[in-house]
Amino acid sequence: MKLLIVGGVAGGASAATRARRLSESSNIILFERGPDISYANCGLPYFLSGTISQREKLLVSSKEAFKARFNIDVRILTRIDKIDRQKRCVVATDLTSGVSYEETFDRLLLSPGAEPFKPNLPGIDGKQIYTLRTLDDIDRIKLAAMSGIKSATIVGGGFIGLELLENLIQLGLNADVVEHKAQLLPPFDPEMTTPIGEALASNGVRLHLNDSVEEFFDAKGRIGLRLKSGNELATELVILGVGVKPESKLAVEAGLEVGLRGGIKVNKQLQTSDSEIYAVGDAIEVEDFVTGSPSHIPLAGPANRQGRIAANNIFGRNETYRGTQGTAILGIFNKTIATTGASEKALKRVNYKYRKVYVHPLDHAGYYPGAEQMTLKILFDEISGKLLGAQAVGGAGVDKRIDILSIAIQGGLSVYDLEQSELCYAPQFGSAKDPINMAGFVAGGLLRGDHPQISVESYLAVTTEDKPMLLDVRTEKEFAQGSIPGATNIPLDDLRSRLGELPRETPITVYCQVGQRGYFATRILLQNGFQVNNISGGYKSYLLWRSHI
Ligand code: FAD
């Protein structure tokens with residue numbers, strides 16, 4: 001078997017080494033147009049500030065190591081220009097000599113990745129305007145950032161843009177972020193990103209949400225950015241992080257099918273429309289694990305796993321790719337935000353009948369030093385309780401909870417399974433009722449009808465004349481420090497003795513700080529014949545939502 005692989009980083013390198021483990025006798029050739037294979041693109045932003053100080057640490061492997069350990073013929077600085085499906089060969093160009101040649105294949109695997117999107121704007125090709133994909137890119141950005149400049153602007157508030165932002169701030173630069181959506185981090189629901197926006201502001205970052213660049217121009221030696229809002233910025237370095245698009249040109253020109261977003265179409269075995277040509281990674285269209293919709297989800301984990309699965313299939317094993325859940329995480333300014341499965345926005349888009357709850361637990365027992373609060377939101381089927389998605393923001397412990405929920409989603413588990421989950425516990429690691437259990441208890445209680453709930457944005461959307469009475473059951477001191485407009489305060493511990501002050505004919509909405517005392521109040525009121533629901537996640541959820549309504 002002669003296997004050719006195009007692209008020598010995440011998906012391509014994984015496929016090549018897996019292929020060798022399955023077949024000692026095959027001829028495996030890996031083509032990479034760049035100078036490096038198997039480098040850590042996820043680590044690039046951290047090289048900028050020196051958090052990762054040695055460049056060579058980003059080079060996970062090399063051409064020589066692939067030859068010595070895996071007997072793989074790696075051809076760096078070699079670009080594949082054409083796939084000739086009739087002749088079963090590719091046309092390769094050695095970029096050093098300029099010589100082109102043909103190489104035949106029995107099987108071909110494409111892992112060419114995705115390239116940074118560059119909008120067609122006046123001035124976009126200016127000298128100090130960068131995108132980030134490769135080691136060479138970060139070398140150039142680092143040189144510019146350390147040339148004595150004082151300011152930088154990130155265009156695009158996604159994962160890569162924000163990671164770069166943190167590293168620029170660490171270098172002592174002033175920074176602006178321009179994001180055309182009304183929120184940062186578009187894969188998340190807007191309210192979950194509020195703490196990230198606050199962290200940016202408290203680190204001196206000027207955030208321009210709901211705004212976009214219309215033009216770059218020369219501003220007396222600096223780069224001017226004219227924004228849609230009419231505002232103008234002047235900066236010394238611009239980094240574009242406005243998304244990526246699949247590198248599917250080779251595939252398109254070879255007549256392979258691509259999807260609406262340009263990703264190469266593959267079946268569950270990762271075969272393209274030509275069954276002897278496989279494709280993996282950022283270049284392909286995947287099926288969203290939860291909604292089943294075709295999606296483009298460029299992440300390292302899926303690319304690596306797909307590379308392995310494709311190699312398995314090439315060598316006769318019949319393995320299927322389950323789809324991509326979009327499990328992703330960002331750490332910035334001591335905050336962590338993570339997601340898995342469907343967002344609420346995505347469920348709305350496909351008209352899925354879901355419910356959601358918010359909890360705001362500590363990552364470990366409150367009496368043990370260093371506990372940090374997180375917000376955890378779970379989305380689930382309104383009838384079966386099957387988990388559909390989860391997002392969390394906070395500090396410590398966010399990664400662990402989203403990883404647990406990722407597996408729960410993959411295993412088809414429900415909120416009732418979260419109630420029963422047995423997780424490791426000692427005070428420094430968790431709580432006897434872990435945040436996962438708490439989310440399950442609240443969601444299970446909601447579905448059983450024990451605990452009617454309303455989301456804060458649904459409550460706020462009710463027109464004034466129909467609005468239920470809003471009852472704040474926190475202490476008088478907490479109430480004085482801030483409350484949802486229109487609320488009446490009766491502290492939980494006084495509630496039983498003050499039931500006479502509440503309406504029996506019309507509904508009541510209660511809330512507390514995080515939802516728990518509101519739940520206790522809901523149970524008291526329900527059992528005393530009142531119509532009541534509780535705001536999920538309480539005042540804390542209101543604070544998250546306030547700027548997005
Ligand atoms: P790539 O890794 O991009 O590799 C494709 C390779 O193919 C490239 O080296 C390219 O030069 C080569 N190639 C393309 N066309 C040709 C051709 N015609 N001939 C020869 N060679 C060709 N993901 C995460 O999950 N977590 C993270 O924290 C994270 N951080 C990231 C940070 C940065 C700065 C970047 C850029 C990406 C990050 N990602 C992260 C995304 C992750 O790196 C990608 O999802 C993953 O690398 C995709 O793997 P791939 O094999 O599809 O493509």
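Atoms considered below: every heavy atom in the structure, side chains included; atoms not considered: hydrogens, waters and symmetry mates. Counting starts at 1 for both ligands and their atoms, in listed order.
For the residue pair Glu257/Ser273, the side-chain donor-acceptor check at 3.5 Å is not satisfied.
At the shortest separation from atom 24 (C) of ligand 1 among protein heavy atoms lies Ala300 N, 3.4 Å. Nearest protein neighbour of atom 21 (N) of ligand 1, counting heavy atoms only, is Arg33 N, 3.2 Å. Protein heavy atom nearest atom 4 (O) of ligand 1, with residue, atom name and distance: Val9 CB, 3.4 Å. The single protein non-hydrogen atom nearest to atom 6 (C) of ligand 1 is Glu32 OE1, 3.4 Å, given as residue, atom name and distance. The protein heavy-atom contact nearest to atom 38 (C) of ligand 1 is Cys42 SG, 4.1 Å. Here the heavy atom of the protein found nearest to atom 44 (C) of ligand 1 is Asp282 OD2, 3.2 Å. Looking from atom 3 (O) of ligand 1 to the surrounding protein, the closest heavy atom is Arg133 NH2, 3.1 Å.
By the neighbour-count criterion of 12 heavy atoms within 6.0 Å, atom CZ of Arg322 is sparsely surrounded, having that number or fewer from other residues, nucleotides or ligands. Residue-environment remark: CZ (Arg69) stays at or below the threshold of 12 foreign heavy atoms within 6.0 Å.
Heavy-atom proximity to atom 5 (C) of ligand 1, evaluated over Gly34, Gly281, Ser111, is greatest for Ser111. Comparing Leu95, Asn41, Ile37, Leu299 by heavy-atom distance to atom 34 (C) of ligand 1, the nearest is Asn41. Between the choices Leu110, Asn304, Ile160, the shortest heavy-atom distance to atom 36 (C) of ligand 1 belongs to Ile160. Atom 53 (O) of ligand 1 has its nearest heavy-atom neighbour, among Gly161, Gly331, Ala15, Gly113, in Gly113.
Remark: Asp189 engages Lys377, Gln391 in a side-chain hydrogen bond (donor to acceptor under 3.5 Å, both in side chains) (not counting sequence neighbours).
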* To do: Go through the steps to decide whether Leu256 and Asp274 satisfy the test side-chain contact (heavy atoms from CB on, under 4.5 Å), and finish with yes or no.
  => CA-CA 7 Å; Leu256 299 175; Asp274 180 326; 3.6 Å; yes
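Checked by distance only, ligand 1 and Ala303 stay at 3.5 Å or farther apart across all their nitrogen or oxygen atoms. Of the polar atoms of Leu250, none of the N or O atoms is found under 3.5 Å from an N or O of ligand 1, judged by distance alone.
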